[in-house]
Student: 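Got a structure for you, written out below as structure tokens; questions coming shortly.
Naming: A, B, ... by sequence-line order, numbering from 1 per chain. Heavy-atom basis, side chains included; hydrogens, waters and symmetry copies ignored.
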Amino acid sequence: MVSTDSTSLRAGVDRDVPLHPQTTLRPPSQVMRLSRMGSFFPTRLSFLRSLLRKLAEDGAQLKRPEFSLDGDGYGHAVYEIVLDGAPYCLIAYSSALDDEMRTDRVIAEAWDACFILFDGRPNGEDVAALRTHATQQEAGRYDPRVLVVSRANKSVRLFEHTVERLAFGDQPDAAMIGKIGYLMRTTAVYGNGKFGMADRVEFMNRNSLSQPFRLEMLTVYLIREFTIDLVQHVANARAKGNAAPLAKEFQRQLGIGNSTGLGMAPFLVSHPVLINNWMQVRETALARVRAVVEANPEQIREFKELLEQVRRHLGQWHVDDVDEQVRIDVLRDEFDQFCEIVPAQLAAPNPWDRLVDESELFGLDLQELVVALVLEPNGALVDGLCDCMEDSTQIHLDPTQSVGDLRDMVETHYDWVLALDLGEADARAMVWYVSEEKLEPRLGARGADSCETREMPHHIAHKVQALRADLDMFEEDQVLAVFLMAHPEHRDIARRIQTISRHPYGEVRDNLVAKGVRPIDLLRCKLSFFGAAKFDPRSDRWTRITLFQGAPRAAELTLENSADVFLPAFGLDPFA
Amino acid sequence: MFSFPRSVWTLLPRMDISGNEYRTTVFKACRGVGVMYGVAEDVADACLFWASVSLEVPARTIGDALAAYEASKRPMEWSHDGEWVICQNASVLCDGPSVLDLVETGQRVRMVCDWPELLLLLARHRSWRLAGGVEISLDGIEWADALKATVMPDTGVLWLRPGQGGSSASVLSNRVTIDPHEWSRIKIFADKILVPADPANRQDAGAGLTDND
């Protein structure tokens with residue numbers, strides 16, 4: 001069904017501006033399931049994509065005012081980029097690190113490189129003073145000129161291999177670059193006021209920084225620049241200035257790795273409005289595209305090229321985990337089958353809608369891949385929606401609501417909870433908690449007292465059922481305030497239900513403490529919004545990814561080639 | 001309880017922290033001593049608001065209230081005399097937000113509680129939504145004037161009603177300056193939500209301990 005009503009994104013829109021036609025959005029009951037969220041792919045709405053477009057639109061120039069590294073690559077460097085007239089600088093500190101100290105977990109105490117994104121231009125004293133803090137990461141203390149703090153570890157094999165080859169006047173092994181895909185991987189990227197640095201609200205009114213995770217993505221992009229410069233610098237030093245320059249194709253192929261664990265998962269639970277906005281924008285974009293009556297020849301050509309690129313990308317995506325590799329293999333097969341039906345659908349009316357419909361005959365991975373694909377040739381229709389992804393909403397409880405109204409909200413928006421049998425032990429088998437070891441989030445089996453008494457409130461389904469049972473003891477027309485006088489323990493879930501009633505894509509519709517829950521699905525969902533690809537799960541709660549693989553380097557970035565980062569494929573299949 | 005007059009506070013060593021850090025830490029501190037989740041959210045929001053407008057009270061007040069929480073939590077007694085809701089023996093960190101919910105529905109409340117300063121902070125933080133009014137026994141709170149509330153001279157109680165210089169509930173500054181001692185005290189409470197590490201739960205992160213590739 002096509003409509004021009006977009007109530008969800010209507011607030012604040014000038015009523016004289018025509019709204020884009022759109023089909024009905026896929027409902028939260030379909031979208032907000034862990035299994036589907038764990039199948040998401042990056043899209044052109046992803047934060048790194050919108051960053052690259054912004055940098056290209058602005059013609060942002062990257063400078064390297066300081067590069068004080070010794071022959072082994074240890075020291076510091078400063079990179080500067082100007083956005084909307086304001087300079088931002090990445091300060092990179094590179095140090096020697098023993099292998100036994102190299103862990104990607106938050107419990108690490110040292111890293112190969114540490115980074116700060118600085119608001120403005122740091123002077124020499126700033127760079128020297130911040131080193132002490134940056135190299136301690138969470139144990140450091142920062143002021144509001146610091147916007148982001150991060151750190152990274154080398155892929156020791158690929159870094160050393162690349163240095164050796166370049167120093168020898170040769171290029172690194174293409175298969176090795178293809179297999180690993182990064183010289184360094186970040187293990188944390190901190191922002192939004194952590195450890196005393198600037199709160200997001202301090203800079204979100206700057207036009208260029210208003211979108212979610214904009215500064216974090218900028219930091220990672222600049223780190224990528226640093227890693228490529230670093231490997232070249234060390235090779236040059238080793239070859240006494242006679243190293244081969246790293247081929248441009250390989251520079252493109254090198255992204256930034258990232259190791260991500262459970263720390264990312266609670267974010268999706270504790271920011272329901274923000275998550276709603278991300279999801280609703282994604283679904284609105286899809287609904288707009290599905291309402292397009294005809295694909296023009298340029299879009300058809302672009303789409304067919306994309307299919308070939310994605311086929312190669314999938315062929316170059318390999319992981320160690322056996323089950324995950326089987327999943328990728330299934331996706332490859334399904335993708336081939338899907339490609340066979342594409343030409344006929346593209347020539348028919350409502351081509352994108354037809355393709356999405358056809359994809360639903362396949363598994364969730366293919367369905368979500370097709371969502372990402374059909375958005376690609378429709379940038380003019382969907383890119384502007386990226387401006388609707390942030391959240392500055394203050395959440396309030398409305399105590400004047402009646403008990404009956406709240407009960408209706410439960411039945412409307414939490415019907416999935418009411419259908420669950422939570423009486424079984426398996427329905428409450430797990431507990432989320434935070435360790436005293438550098439605040440590392442963990443997920444353990446329920447039963448250990450020390451964990452259970454400090455449980456993070458991710459048992460949403462249980463809380464809703466408990467609330468519902470107590471609501472039944474009150475008259476329909478009683479106000480919520482009176483109910484909460486008797487049951488203050490339900491305050492948070494009552495507020496959450498009211499919030500979700502206005503932001504229905506804000507709740508994950510699965511029991512997050514059930515036996516067998518897969519936090520990796522939450523991780524993949526969030527990482528897909530960042531723009532991550534080549535998910536490489538190391539367990540059900542820990543994954544490696546790459547960011548910016550295939551992206552142009554800053555000096556060659558244009559609006560056209562900024563899209564090259566979408567599921568990129570490269571010259572050789574390293575596993576062929 | 002000894003407290004410095006406001007003029008002296010400005011001479012003490014200060015620590016600069018971000019608003020998000022302050023709000024999050026107060027929230028965790030509430031949770032650390034066992035304050036209910038929804039109440040902790042309200043307290044953290046109110047404390048951030050008042051801290052952000054440079055009112056020095058919240059850190060000291062919340063630190064004191066958290067320290068006394070375990071001993072002070074008790075069932076509140078409440079009744080309705082036809083005109084007023086009378087709340088006695090109330091623990092603000094248990095029932096404060098719920099009482100203010102009643103005020104928001106238009107009820108008039110008289111309240112005697114353990115931390116009237118804290119209730120006042122909570123009330124003023126959302127005074128723009130309060131449809132009724134609340135009388136809080138002040139019992140010698142020095143800084144009530146800072147909140148521009150009306151102290152009734154005859155009864156020694158504070159009368160807060162809608163539109164009384166109501167705050168917009170928007171944070172005005174995102175930096176908070178705080179006495180390092182008070183900050184340390186709040187952080188100690190916040191750390192109570194952390195689970196002690198042991199070799200078994202170290203595996204619960206689902207990752208290995210070294211990453212050389």
Side-chain angles (χ1 to χ4, degrees), chain A residues 99-100 102-107 143-144 153 155-157 180 192-202 259 261-262 394 396-397 399-400 433-437 439-444 448 450-451 454 457 479-482 484-485 488-495 519 538-542, chain B residues 15-24 28 31-32 34 36-42 45 76 78 85 87 94-95 97-107 126 129 131 169-171 173-175 191-198 200-213:
Chain A
D99 279 353
E100 61 266 26
R102 187 174 291 106
T103 172
D104 291 353
R105 286 177 64 168
V106 74
I107 57 176
D143 66 41
N153 284 332
S155 166
V156 179
R157 267 187 312 154
I180 297 173
N192 196 13
K194 286 252 184 176
F195 323 122
M197 67 181 96
D199 275 328
R200 175 174 158 70
V201 286
E202 286 188 56
S259 276
L262 288 178
Q394 293 191 354
H396 300 296
L397 176 80
T400 64
Y433 64 93
V434 179
S435 168
E436 67 177 7
E437 274 188 309
L439 311 187
E440 185 176 61
R442 293 174 182 173
L443 176 65
S450 60
C451 299
R454 298 166 172 88
V479 291
L480 184 57
V482 172
L484 291 176
M485 285 283 279
E489 73 275 16
H490 293 314
R491 183 175 196 79
D492 59 317
I493 197 66
R495 176 159 35 210
R538 318 305 285 185
S539 76
D540 64 0
R541 58 194 76 173
W542 185 260
Chain B
M15 184 175 177
D16 175 67
I17 57 179
S18 77
N20 191 32
E21 190 175 23
Y22 182 78
R23 193 255 176 217
T24 304
K28 289 177 179 174
R31 294 291 297 142
M36 282 174 285
Y37 196 93
V39 175
E41 290 176 322
D42 282 36
D45 286 343
M76 180 175 65
W78 61 292
V85 175
C87 299
C94 294
D95 300 304
S98 300
V99 169
L100 294 172
D101 289 342
L102 278 185
V103 180
E104 204 169 321
T105 66
Q107 296 282 350
R126 56 166 155 163
R129 299 204 307 272
S170 293
V171 170
S173 160
N174 296 296
R175 305 304 295 183
D191 286 349
K192 290 178 184 289
I193 66 167
L194 304 178
V195 173
D198 61 42
N201 71 28
R202 206 162 279 147
Q203 306 301 315
D204 286 347
L209 293 172
T210 60
D211 294 278
N212 292 297
D213 70 349

Student: Could you check which of A/Leu443, A/Thr400, A/Ile493 has the highest count of heavy-atom pairs closer than 4.5 Å to chain B?
Tutor: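 Top option by heavy-atom pairs under 4.5 Å: A/Leu443.
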Student: Does A/Glu489 have any salt bridge (charged side-chain N to carboxylate O under 4.0 Å, His left out) partners at least two apart in sequence or in another chain, and if so, which?
Tutor: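 Partners of A/Glu489 under the salt bridge (charged side-chain N to carboxylate O under 4.0 Å, His left out) test: none.
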Student: Step by step, would you call A/Met485 with B/Leu102 a side-chain contact (heavy atoms from CB on, under 4.5 Å)?
Tutor: CA-CA 8 Å; A/Met485 285 283 279; B/Leu102 278 185; 3.6 Å; yes
Student: Side chains of A/Val479 and B/Gln107: closer than 4.5 Å at any heavy-atom pair?
Tutor: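 With C-beta onward as the side chain, the pair stays apart.
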Student: To the nearest 0.5 Å, what is the distance between CD (A/Glu440) and CG (B/Leu194)?
Tutor: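 Rounded to the nearest 0.5 Å, the CD-CG separation comes to 12.0 Å.
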Student: Ignoring hydrogens and angles, tell me if any N or O in the side chain of A/Asp199 forms a donor-acceptor pair with the backbone of B/Ser18 under 3.5 Å.
Tutor: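 It does not hold such a pair.
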Student: Going by salt bridge (charged side-chain N to carboxylate O under 4.0 Å, His left out), name the residues that satisfy it together with A/Asp540, two or more places apart in sequence or in a different chain.
Tutor: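 Partners of A/Asp540 under the salt bridge (charged side-chain N to carboxylate O under 4.0 Å, His left out) test: none.
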Student: Might you point out which heavy atoms bring A/Pro144 and B/Asp16 nearest each other, and give the distance in Å?
Tutor: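 For A/Pro144 versus B/Asp16, the nearest heavy atoms are CD-OD2, 3.9 Å.
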Student: Taking all heavy atoms of A/Ser435 and all of B/Ala197, pick out the closest pair and write down the distance.
Tutor: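 For A/Ser435 and B/Ala197, the tightest heavy-atom pair comes out as OG-CB, 4.0 Å.
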Student: Please rank A/Pro441, A/Ala494, A/Pro457 by heavy-atom pairs under 4.5 Å with chain B and give me the top one.
Tutor: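 Highest number of heavy-atom pairs under 4.5 Å: A/Pro457.
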Student: Identify whether the distance between the nearest side-chain nitrogen and carboxylate oxygen of A/Arg491 and B/Glu41 falls below 4.0 Å.
Tutor: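 No.
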Student: Check whether A/Glu202 gets within reach of chain B through its side chain, its backbone, both or neither, counting any heavy atom under 4.5 Å.
Tutor: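 When you check distances to chain B, atoms from both the backbone and side chain of A/Glu202 fall under 4.5 Å.
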Student: Does any heavy atom of chain B fall under 4.5 Å from the side chain of A/Ala198, the backbone, both, or neither of them?
Tutor: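 Only the backbone of A/Ala198 comes within 4.5 Å of chain B.
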Student: Looking only at heavy atoms, which two atoms of B/Asp95 and A/Pro488 are closest? And how far apart?
Tutor: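 Looks like OD1-CG, 4.2 Å.
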Student: Quick check for you: to the nearest 0.5 Å, what is the distance between A/Arg454 atom CZ and B/Arg31 atom CZ?
Tutor: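 Answer for the CZ-CZ pair, A/Arg454 versus B/Arg31, is 12.0 Å.
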Student: To the nearest 0.5 angstrom, please state how far the CG atom of B/Asp191 sits from the CG atom of A/Leu439.
Tutor: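 So the gap between those two atoms works out to 7.5 Å.
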Student: Quick check on the interface: out of A/Arg200, A/Met197, A/His490, A/Lys194, who has the most heavy-atom pairs with chain B under 4.5 Å?
Tutor: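 Ranked by contacts with chain B, first place is A/Met197.
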Student: For the side chain of B/Glu21 and the backbone of A/Gly196, is there at least one donor-acceptor N/O pair under 3.5 Å apart?
Tutor: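 A pair under 3.5 Å: yes.
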